[in-house]
Every structure is written in C-alpha cells, then in structure tokens.
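Beneath this line is the structure, given in structure tokens, with notes to follow.
Just so it is clear: chains get the letters A, B, ... in the order the sequence lines come, proteins before strands, and each one is counted from 1.
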Number of protein chains: 2
Amino acid sequence: MSKKALTREAILQQAVRSASQIGISRLTIGSLAEQSGLSKSGLFAHFGSKEALQLAVVEAAQAQFVEEVVKPAFTQPRGMVRLRALFRAWVMRLYAGNTPGGCPLLAAAYEFDDQPGAIRDALVAGQRWQRDTLQRLLQDAQDAGELAADSNIPLLAFMLFGLIQSAHHDHQLLDNHHSAQLALQGFEQLCGTAAPHTGQVDP
Amino acid sequence: MSKKALTREAILQQAVRSASQIGISRLTIGSLAEQSGLSKSGLFAHFGSKEALQLAVVEAAQAQFVEEVVKPAFTQPRGMVRLRALFRAWVMRLYAGNTPGGCPLLAAAYEFDDQPGAIRDALVAGQRWQRDTLQRLLQDAQDAGELAADSNIPLLAFMLFGLIQSAHHDHQLLDNHHSAQLALQGFEQLCGTAAPHTGQVDP
DNA sequence: CTCAAAAAAGAACGATCGTGCTATTTTGCA
DNA sequence: TGCAAAATAGCACGATCGTTCTTTTTTGAG
C-alpha cells in the first residue's frame, strides 16, 4: 500500500474514534491533524474538503461494521445460527473499545437526518443495506423452519433494530450495565424458539 | 407574564424547532437571533451563555414532551388504556409538525452522550424519568391483569423505547411511511392481547 | 405624563474554523 | 546516489462564532 493510502487509513481510524465521541459534523481539520501528527494543510490535502473528509469517515465506519459484524456472521451456517451471530456481534460492538463514544453511524443518522447532501445519502444507503441484510437473514431462518411461518419479517427487523438502538441509548447515556443483556433477551423473545412470550395473555 | 418571559418563551420555541433540525450543539446565537427578530446581544442577554441557552432548550423540549405526551395519557383510565395512549402519543409526536427534524431529545441523547456537563446531566435525568414513567404504566397494566403476570417490565420498557427509536430512525432517515404503523404493531405484539405472534400481512 | 428601570441594539474583540498558496521535506525509482 | 514527483509543512485570508461593553429604545408604575 502506498504511503498516501497508509496515512489516509490512519487518519480515518482516528477520525472514526473522534466522531463516535463528538459526532461527525463537529470534527475539525485542526484537532484531527494534531491527533494524527500532521499539519492542518497536510491532512487537508488528503481529502480536499471537509465534507469529503466526513464522507470518508462515514464510509470507513460502514466498512468497519461490515468487517466486524456482517462478515463474521456469514462464517456461520445459514439460518437462526447466523442470524443470532449477526445480532450478538451487532450488540457487542456497542461495548467494544474502538469507538468509545458509541456507534458513529447511529449518531450520524440523528445528526444528518435533516441535512440533505452526500453524507446523508451515504448514510441512507448504508442503513438500507443493514436493514436488508437483517431481513435476508430473518427470511433464511424462516425458510429453514426456525422462525414461525407467519412471522412478519419487516416488523421483526424493525423491532430488532430498535433493540440495538435501545441498547446503545441505555449504555451510552443511562450507563445501564444490563443493556446488552436486555437486548439479547429481547432477541430471544422475538425470534427464539424458547418461551414465545414475556407478556401475552393467550398463547 | 412579563415581557422578558414572553420573549424568552418565543426564543425557546423557535430554538427547539431549530434544534430538531440541526441539533442542540449546532445552534448559534446569531441565526437564532435572526429567526426571533432580535439582535445577537439582545438574545444573548436572556441566557448569559451559550451553554445556558442549550440547557434551556433541553428543558423546554422536556416540558413540551410532558405537555403533549404524558399529560394527555394521564387523562385516560389507569391500565392498558393509559399505557396505549402514552405510547400512541409518543409515536405520533414524531410525525407532528412542530419539530420538523424529529425529536430533539433523542437527537440530543446521541449528541451529548460523551460530553459531560450540565446538558448531559439534564438529558440523563429526563430520560430516566421517561423510562420510569413507562415502567410505572406497565406495572399498572400488569396489576390490573391486562398484562401477563410473568411479564418482564424493564425488558418491555426497553423494547417499547426501542420501537420509538426505530420509528424515529425509519421516518427521519429512511423516509419509511409505514414506520408509525410498525411501531404500533410492535406495541400490540409486545403488550396487546391480539395475535400472539408477528403475523400480519403487509398491504 | 414622567422617568427610572428594563430590554434590546450596535459595535468590536479574540478565537477558531475551512481553505488556498507557496515552500520544504520525504519518497521511490533510474 | 541523484532527482523528479509525491507528500507534508508553513502561512495567511476571510468568515463565523461567543462574548463584552456601551448606547439607545422601550416598558410600565407612580
């Protein structure tokens, strides 16, 4: 890999860390340069504009998500095992040390949902892909007979993503140490073959 | 009400609107003054510092939530009726016109979860209160026999809050017109006495 | 109506930001 | 090792921000 690409990677890795703490829109060229041991103009030359830098940060975070969550899940056999692996890795990533401020993509979704532009477009595409992936694994599990035949796949994906967000919220803001466990319990309640309900009157 | 308090209210109402679109941390005294028809220093005198302004915006948004969601629910009879009223109003508020950029409190939770200070403290207190309120209504419903006796109340509250966040996400970012319906369906699946499993055919 | 007090405006400051331009250092091939 | 090209540093600019200080306008009680 060329020197340029190596430096760029190092910058982006640090930038994703910072973005998880202060948000993508509050990244500054100056502080990012300082953290990377570069000058402002030296760092700037890698991207050409702040928006291009922010876009690169989004893409780096998305690539990181695929690498840490999606790819490992796809090493598991298709069906409920793979689905559970995806969800577990997704949740556990919220507690990993590489993004101390939480998931930068979730935060970015709230930052840019009302600011049209390339960054928002990239976020939308990424989130749609995440949802599609989740629904595909749910469909696979249903096809394998490991999920009730009358399951509403889009609703299930919607609810599972809600569990991810709730875990993030409770962990990052409320400092709730049980948030990961709650998310995993919720998954089993929604998808598991165990007890079909915590809280339904008639099975 | 004194002139000062009236002007302050008008400023905050506009500020909450803006905060829903660009986030609390990116509010600027200048643009806020322009939107309120005041001068920079005139507006500034009402708060004394930018952080005090941001804190006032958080408190105004929280008061708005109580007024529009919690109070109306408490006009309903205790139990499942009140719980459902709370959840419905909570979801529907995401689609109301007074905060075009979505819920400013949810966005602020992601903005400030890694920035210690008075604003984060106020957000934490508010979110804890929201969760406690939700759990209290769930408990009431359970006591009334309208929720399974073995329901896990903290888990249910966790999942319901996830539905809110998922609805917000799908509406604001993915422009999913069915997001409100999905959240309400999710509520009925988790708490309702209707169909015990996820089955519902999408139109 | 008067006039002191309250509210708002105006102007200016230091700091910080993104960005463009030029000089300097570093890299990797001949 | 020499040297063009790539990578980085240095510097300055205009803009914008929060904040302070002073002046002007507006308010409302006596």
| query | Parallel, tilted or perpendicular: which describes the rings of Y95(B) and H171(B), with under 30° parallel and over 60° perpendicular? | reply | tilted
| note | Sorted by chain and number, sequence neighbours left out, ring pair (Phe, Tyr, Trp, His ring centres under 6.0 Å) with F47(A) holds for none
| Those residues that, when tested against F65(B), pass ring pair (Phe, Tyr, Trp, His ring centres under 6.0 Å) (two or more places apart) | W90(B)
| query | Between T7(A) and dA7(D), is there a side-chain N or O to OP1/OP2 distance below 4.0 Å? | reply | no
| For DNA chain D, which residues in residues 44-59 of chain B have a heavy atom at a distance below 4.0 Å? | F44(B), S49(B), K50(B)
| task | List in chain and number order the residues that pass ring pair (Phe, Tyr, Trp, His ring centres under 6.0 Å) with H46(B), two or more places apart in sequence or in another chain; answer none if no residue qualifies. | result | none
| Under the salt bridge (charged side-chain N to carboxylate O under 4.0 Å, His left out) test, which residues partner K4(A), sequence neighbours left out? | none
| task | Take atom CZ of R8(A) and atom P of dA6(D), then tell me their distance rounded to the nearest Å. | result | 17 Å
| Of all the choices, dA7(C), dA7(D), dA8(C), which nucleotide is nearest to the side chain of K4(B) once you look at every atom? | dA7(C)
| message | Whole angstroms only, please: what is the CG-P distance between L6(B) and dT27(D)? | response | 12 Å
| With sequence neighbours excluded, what pairs up with D140(A) under the salt bridge (charged side-chain N to carboxylate O under 4.0 Å, His left out) test? | R78(A)
| said: Would the base of dG10(D) count as contacting K40(A) through its side chain, where contact means a donor and an acceptor less than 3.5 Å apart? | reply: no
| request: Would you state whether a donor and an acceptor, one from the side chain of S41(B) and one from the base of dA8(C), lie under 3.5 Å apart? | output: no
| note | Residues passing the salt bridge (charged side-chain N to carboxylate O under 4.0 Å, His left out) test with R93(B), sequence neighbours excluded, are E68(B)
| Residues which pass ring pair (Phe, Tyr, Trp, His ring centres under 6.0 Å) with F74(A), listed by chain and number, not counting sequence neighbours | none
| Stretch residues 19-39 of chain A: residues that reach within less than 4.0 Å of DNA chain D through a heavy atom | G37(A), L38(A), S39(A)
